[in-house]
S.K.: 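Got a structure for you, written out below as structure tokens; questions coming shortly.
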Amino acid sequence: MDAARSWASYQRLAYSAKVSFPSDGSRTSPRRKPTVDIGDFSRELCGGTHVAHGSQVGAFRLLSEGSIGSNLRRIEALTGHGALRHHDVERRILEEASSLLGTRPKQAAETLHKRLGSLAAAEKEVSRRREADLRSQAQQLASSSTQVPGGRIVSQRVSGLGASDLRSLATSTADRLRSDRAVVVLGTEHDGKALLVAAITPGVLDSGTQASHILASAARTVGGGAGGAGPVANAGGRRVEALDEALSIAVQEATRALDQ
């Protein structure tokens, strides 16, 4: 399709329904502006390099289209050899993905959708089992609590838990002892760090003790600090070798708090 380039003033172009004007008032400019007519259906203000005929564009691949301002939109595309190279790259990516999925390119999207669905279901089941295991551990820990003057204490070094699961285990254990004045202190090693969590029941909190008070000295022992307000506090540090000592210090603080 032929593309013809010409010059015209904005006043003349204003009579053409094929031209969209910017909203900056420049339509009143007396200067002549370059325009490009494509066939008999499109007339555009010249914004850059143009071809003499549509066939010179060759292959065309639209990449994106979006807003860049009020009443302004931008289209990004590749033409000619650039479009062909982009197509080749996408084809090779699709072939590699299909090979990894063990299917043909036409079935790649469907196969991937099924695999992702299966993965999501497996992750949900793993999460369910982990929560069930934490509940079971919490029940065992609550059952093994030690009676001290003024309440009960649970102190245990556990393994295989991250910070989030350690906190969940501590709070779940404390919930099972909430009818008593109780303190739960748990510790673990994770990613080269010593982690500690303290959880206290409402009876202890009402007496003015915060969970962070239980962990303050223990946190310094492992080279860190305690954070958190109210019934739950966390602590962590790089001195993993001092974790058992830190748990003992936390138990001493818990004993003093319960005996108040």
Side-chain angles (χ1 to χ4, degrees), residues 120 122-260:
E123 290 177 341
K124 185 176 181 179
E125 177 63 16
V126 168
S127 178
R128 186 191 66 79
R129 293 189 180 188
R130 183 172 63 248
E131 291 173 359
D133 183 58
L134 288 175
R135 288 194 297 270
S136 176
Q137 282 185 266
Q139 184 60 52
Q140 293 175 11
L141 288 171
S143 300
S144 65
S145 62
T146 301
Q147 182 70 52
V148 298
R152 308 188 73 83
I153 292 178
V154 174
S155 176
Q156 184 72 45
R157 177 171 179 164
V158 297
S159 60
L161 298 181
S164 178
D165 285 343
L166 187 67
R167 183 184 177 95
S168 295
L169 180 58
T171 55
S172 183
T173 302
D175 283 343
R176 286 162 171 74
L177 296 168
R178 64 183 300 107
S179 60
D180 295 320
R181 299 181 75 247
V183 176
V184 178
V185 181
L186 302 179
T188 191
E189 177 184 351
H190 182 69
D191 286 343
K193 291 183 63 177
L195 303 179
L196 294 161
V197 174
I200 60 178
T201 59
V204 181
L205 185 63
D206 292 342
S207 67
T209 298
Q210 302 274 321
S212 58
H213 299 163
I214 307 296
L215 290 184
S217 297
R220 290 192 291 270
T221 301
V222 295
V232 186
N234 307 292
R238 292 292 181 183
R239 296 190 60 210
V240 177
E241 68 279 3
L243 180 58
D244 290 333
E245 180 185 355
L247 283 170
S248 296
I249 292 174
V251 169
Q252 294 172 17
E253 294 291 342
T255 301
R256 282 193 285 270
L258 290 171
D259 197 28
Q260 292 179 353

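Sequential numbering from 1 along the given sequence is applied to the chain's residues. Side chains included, hydrogens not; waters and symmetry mates left out as well; all remaining heavy atoms used.
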S.K.: Within the side chain of Ser136, is there an N or O that forms a donor-acceptor pair under 3.5 Å with the backbone of Ala132?
M.R.: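 No; zero donor-acceptor contacts below 3.5 Å.
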
S.K.: Got a sec, which residues hit side chain to side chain donor-acceptor pair (under 3.5 Å) with Asp180, two or more places apart in sequence or on another chain?
M.R.: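 Here no residue qualifies.
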
S.K.: Restricting to non-hydrogen atoms, name the atom on Gly187 and the atom on Leu247 that form the minimum distance, rounded to 0.1 Å.
M.R.: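 Result for this residue pair: N-CD2, 3.8 Å.
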
S.K.: Looking at Ala250 and Val185, what are the two nearest heavy atoms and their distance?
M.R.: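 Where Ala250 meets Val185 most closely, the heavy atoms are CB-CG1, 3.6 Å.
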
S.K.: Could you pull out the closest heavy-atom pair between Thr201 and Arg178, with the gap in Å?
M.R.: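 Heavy atoms of Thr201 and Arg178 come nearest at CG2-CA, 3.7 Å.
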
S.K.: Who passes side chain to side chain contact (heavy atoms under 4.5 Å, CB included) against Glu241, sequence neighbours left out?
M.R.: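 Once residues adjacent in sequence are excluded, the partners of Glu241 under the side chain to side chain contact (heavy atoms under 4.5 Å, CB included) criterion are Arg239.
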
S.K.: Which residues pass the side chain to side chain donor-acceptor pair (under 3.5 Å) test with Gln137, sequence neighbours left out?
M.R.: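 Here no residue qualifies.
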
S.K.: Give every residue pair that meets the side-chain hydrogen bond (donor to acceptor under 3.5 Å, both in side chains) criterion with at least one member in residues 247-257, sequence neighbours excluded.
M.R.: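 Residue pairs passing side-chain hydrogen bond (donor to acceptor under 3.5 Å, both in side chains), neighbours aside: Glu253-Arg256.
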
S.K.: What pairs with Ala246 under side chain to side chain contact (heavy atoms under 4.5 Å, CB included), at least two apart in sequence or on another chain?
M.R.: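 In terms of side chain to side chain contact (heavy atoms under 4.5 Å, CB included), with neighbours along the sequence ignored, Ala246 is linked to Leu196, Ala218, Thr221, Val222.
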
S.K.: Quick one: list whatever passes salt bridge (Lys or Arg N to Asp or Glu O under 4.0 Å) with Asp133, sequence neighbours left out.
M.R.: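 With sequence neighbours excluded, Asp133 shows a salt bridge (Lys or Arg N to Asp or Glu O under 4.0 Å) to no residue whatsoever.
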
S.K.: Which heavy atom of Ala235 sits nearest a heavy atom of Ala219, and at what distance?
M.R.: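 Heavy-atom minimum between the residues: CB-CB, 3.6 Å.
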
S.K.: Strictly distance-based, threshold 3.5 Å: is any side-chain N or O of Arg167 a donor or acceptor partner for the main-chain N or O of Asn234?
M.R.: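 Looks like no, no N/O pair under 3.5 Å.
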
S.K.: Between Glu131 and Arg128, does a salt bridge (Lys or Arg N to Asp or Glu O under 4.0 Å) hold up when you go through it step by step?
M.R.: CA-CA 5 Å; Glu131 291 173 359; Arg128 186 191 66 79; over 6 Å; no

S.K.: State which residues pass side chain to side chain donor-acceptor pair (under 3.5 Å) with Arg176; sequence neighbours excluded, sorted by chain then number.
M.R.: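 Arg176: side chain to side chain donor-acceptor pair (under 3.5 Å) contacts with Gln139, Ser172.
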
S.K.: Identify every side-chain donor-acceptor pair in residues 155-165 under 3.5 Å, counting partners at least two apart or on other chains, and give the distances.
M.R.:
{"residue": "Arg157", "atom": "NH1", "partner": "Asp244", "partner atom": "OD1", "Å": "3.1"}
{"residue": "Arg157", "atom": "NH1", "partner": "Asp244", "partner atom": "OD2", "Å": "3.4"}

S.K.: Which residue pairs satisfy the salt bridge (Lys or Arg N to Asp or Glu O under 4.0 Å) criterion with at least one member in residues 209-226, sequence neighbours excluded?
M.R.: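 Counting only pairs at least two positions apart or across chains, no salt bridge (Lys or Arg N to Asp or Glu O under 4.0 Å) contact touches residues 209-226.
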
S.K.: Taking side chain to side chain contact (heavy atoms under 4.5 Å, CB included) as the definition, give me every residue that meets it alongside Ala254, ordered by chain and number, with sequence neighbours left out.
M.R.: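 Counting only residues at least two positions away or on another chain, Ala254 forms a side chain to side chain contact (heavy atoms under 4.5 Å, CB included) with Ile153, Val183, Ile214.
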
S.K.: Working to the nearest 0.5 Å, report the span between CG of Leu134 and CG of Leu166.
M.R.: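 Answer for the CG-CG pair, Leu134 versus Leu166, is 9.5 Å.
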
S.K.: Mind listing the closest non-hydrogen atom pair of Ala199 and Ala174 along with its distance?
M.R.: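 Reported closest heavy-atom pair: CB-CB, 3.9 Å.
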
S.K.: Which atom pairs, one a donor and one an acceptor, fall under 3.5 Å between side chains of residues 144-152 and the rest of the protein, sequence neighbours left out?
M.R.:
{"residue": "Ser144", "atom": "OG", "partner": "Gln140", "partner atom": "O", "Å": "3.3"}
{"residue": "Ser144", "atom": "OG", "partner": "Leu141", "partner atom": "O", "Å": "2.9"}
{"residue": "Ser145", "atom": "OG", "partner": "Ala142", "partner atom": "O", "Å": "3.1"}
{"residue": "Ser145", "atom": "OG", "partner": "Arg152", "partner atom": "NE", "Å": "2.7"}
{"residue": "Ser145", "atom": "OG", "partner": "Arg152", "partner atom": "NH2", "Å": "3.4"}
{"residue": "Gln147", "atom": "OE1", "partner": "Arg152", "partner atom": "NH1", "Å": "2.4"}
{"residue": "Gln147", "atom": "NE2", "partner": "Gly151", "partner atom": "O", "Å": "2.8"}
{"residue": "Arg152", "atom": "NH2", "partner": "Ser145", "partner atom": "O", "Å": "3.2"}

S.K.: Ser212: which residues meet the side chain to side chain contact (heavy atoms under 4.5 Å, CB included) condition with it, sequence neighbours left out?
M.R.: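 If we apply the side chain to side chain contact (heavy atoms under 4.5 Å, CB included) test to Ser212, skipping adjacent residues, the hits are Gln210, Ala233.
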
